[in-house]
Peer 1: 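Submitted below is the structure of interest, expressed as structure tokens.
Both backbone and side-chain heavy atoms feed into the values below; hydrogens, waters and symmetry mates do not.
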Amino acid sequence: MAIIDWRITPQIAVNDRELMVGMPPSLTAATGMDALTHAVEAYVSTAANPLTDSAALKAITMITHYLPKAVANGDYMIARDKMAYAQYLAGIAFNNASLGYVHAMAHQLGGYYNLPHGVCNAILLPYVEAFNLIGNMNRFRDIAVAMGENIAGLSTDEAAQKAICSMQRLGQLVGIPASLKELGVKPEDFKIMAENAKLDACQLTNPRKATLEQVIDIYQKAYDGENAI
């Protein structure tokens with residue numbers, strides 16, 4: 001369950017690259033993919049606006065470029081600095097535009113299995129966004145460009161699909177587990193988790209409405225770990 005209240009909102013946050021140097025590669029990857037999820041979900045959110053759009057797209061570009069470098073060499077201070085700035089921009093985006101079903105579903109995995117939030121987001125991200133494609137293909141085309149994909153000569157649909165492939169490829173590149181099955185998730189829990197996900201505040205701004213059966217199906221696809229597109 002997401003608890004949101006001004007009483008637990010900090011007055012200031014310090015993003016210091018020096019404090020991030022000791023993070024192991026797996027934690028760097030998980031938190032970096034979490035930041036990517038913040039930016040992507042904010043950009044395709046039904047509450048997106050010009051301010052959140054600019055922050056989200058810049059964050060997506062920076063994370064795509066610098067996260068692999070930070071995972072590969074945690075002492076590379078330029079990558080640490082750029083990732084600190086990128087996650088800050090992604091935070092601006094999602095704190096104003098909210099999120100979507102990736103977070104709504106990841107919250108359940110964290111609650112039921114005590115799994116790392118960023119890892120759950122990273123695994124779910126391409127599958128949820130593949131489901132969301134028809135909700136706003138133009139936005140996913142923009143994400144593909146922000147992630148460095150060449151969309152010249154492609155239809156909007158084809159370009160949008162490139163964004164999904166790029167998200168999944170980035171997760172694989174930084175060592176995110178390929179499926180929920182690898183994390184020990186049990187299919188018999190999909191229904192109760194899906195029911196709870198549909199009650200999560202984050203799902204309210206998802207670009208595509210989902211039935212209970214569709215949420216269960218997304219969990220199943222993430223469990224199987226096949227290509228999202």
Side-chain angles (χ1 to χ4, degrees), residues 2-17 19-20 30-67 70 78-107 117-118 121-122 124-126 128-149 151 156 159-164 166-167 170-171 197 200-210:
I3 301 173
I4 304 170
D5 192 276
W6 66 267
R7 295 171 185 84
I8 58 172
T9 301
Q11 295 300 309
I12 187 171
V14 178
N15 294 321
D16 185 347
R17 64 182 187 174
L19 299 177
M20 303 174 189
T31 53
M33 290 300 292
D34 187 21
L36 177 68
T37 305
H38 291 158
V40 169
E41 289 209 291
Y43 190 68
V44 301
S45 163
T46 57
N49 60 66
L51 170 67
T52 62
D53 286 351
S54 59
L57 286 177
K58 183 62 175 179
I60 291 168
T61 296
M62 294 178 72
I63 293 167
T64 303
H65 186 73
Y66 288 104
L67 180 57
I78 293 176
R80 288 293 190 193
D81 187 62
K82 297 296 186 181
M83 281 303 301
Y85 187 46
Q87 65 84 19
Y88 168 69
L89 290 174
I92 289 175
F94 93 83
N95 271 289
N96 288 279
S98 194
L99 297 161
Y101 261 113
V102 180
H103 272 79
M105 295 173 68
H107 290 157
H117 177 66
N121 274 339
L124 288 167
L125 179 63
V128 172
E129 302 314 334
F131 171 79
N132 284 339
L133 271 181
I134 64 170
N136 199 330
M137 286 191 183
N138 290 334
R139 293 249 148 184
F140 287 102
R141 177 197 58 203
D142 296 343
I143 291 171
V145 173
M147 297 188 78
E149 294 288 346
I151 64 168
T156 300
Q161 290 186 43
K162 277 209 164 192
I164 308 303
S166 191
M167 293 174 205
L170 181 60
D200 191 292
C202 291
Q203 57 83 26
L204 296 173
T205 47
N206 197 70
R208 181 181 178 186
K209 298 298 182 184

Peer 1: Using the side chain to side chain contact (heavy atoms under 4.5 Å, CB included) criterion, which residues pair with Ala79? Sequence neighbours excluded.
Peer 2: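 So Ala79 forms a side chain to side chain contact (heavy atoms under 4.5 Å, CB included) with Tyr66, Lys69, Ala70, Tyr76.
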
Peer 1: Report the distance from atom NE2 of His65 to atom CG of Leu170, rounding to the nearest 0.5 Å.
Peer 2: 12.5 Å

Peer 1: To check you understand the geometry: which heavy-atom pair defines the closest contact between Met83 and Gly32, and what is its length?
Peer 2: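 That would be CE-CA, 3.8 Å.
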
Peer 1: Run the side-chain hydrogen bond (donor to acceptor under 3.5 Å, both in side chains) test on Asp53 and Tyr43 for me, step by step, so that the C-alpha distance in whole Å, both residues' side-chain angles and the decisive distance to 0.1 Å come before the verdict.
Peer 2: CA-CA 6 Å; Asp53 286 351; Tyr43 190 68; 5.1 Å; no

Peer 1: Does either side chain, that of Asn96 or that of Asn49, offer a donor lying less than 3.5 Å from an acceptor on the other one?
Peer 2: no

Peer 1: Just by distance, no angles: are the side chains of His107 and His117 close enough, under 3.5 Å, to form a donor-acceptor pair?
Peer 2: no

Peer 1: Compare all side-chain heavy atoms of Leu125 with those of Val102 and state whether any distance is below 4.5 angstrom.
Peer 2: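 With C-beta onward as the side chain, the pair touches.
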
Peer 1: Shortest non-hydrogen contact from Ala163 to Met147?
Peer 2: O-SD, 4.2 Å

Peer 1: Looking only at heavy atoms, what is the nearest atom pair of Arg208 and Asn206, with distance?
Peer 2: O-ND2, 2.8 Å

Peer 1: Of the options Asp34, Thr31, Thr37, which is the one that meets Asn121 in a side chain to side chain donor-acceptor pair (under 3.5 Å)?
Peer 2: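 Checked Asp34, Thr31, Thr37 against Asn121; only one passes side chain to side chain donor-acceptor pair (under 3.5 Å): Asp34.
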
Peer 1: Got a donor-acceptor contact below 3.5 angstrom from the Ser45 side chain to the Glu41 backbone?
Peer 2: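 Such a contact is absent between Ser45 side chain and Glu41 backbone.
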
Peer 1: Which atom pair, heavy atoms only, marks the closest approach of Ile151 to Val145?
Peer 2: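 Nearest pair, atom of Ile151 first, then Val145: CD1-CG2, 3.4 Å.
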
Peer 1: What closest approach, in Å, do Ala59 and Ala86 show between heavy atoms, and which atom pair accounts for it?
Peer 2: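 Closest approach of Ala59 to Ala86, heavy atoms only: CB-O, 3.4 Å.
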
Peer 1: With a 6.0 Å cut-off (strictly less than), is the heavy-atom count around CG of Leu19, excluding the residue itself, greater than 12?
Peer 2: yes

Peer 1: Under 3.5 Å, is there a donor-acceptor pair linking the side chains of Glu129 and Asn132?
Peer 2: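 A donor-acceptor contact under 3.5 Å links the two side chains.
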
Peer 1: Roughly how far apart are Ile63 CD1 and Tyr85 OH, rounded to 0.5 Å?
Peer 2: 12.5 Å

Peer 1: Could you give all pairs that pass the salt bridge (Lys or Arg N to Asp or Glu O under 4.0 Å) test and reach residues 78-103, with sequence neighbours left out?
Peer 2: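 Checked against salt bridge (Lys or Arg N to Asp or Glu O under 4.0 Å) - neighbours excluded - no pair reaches residues 78-103.
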
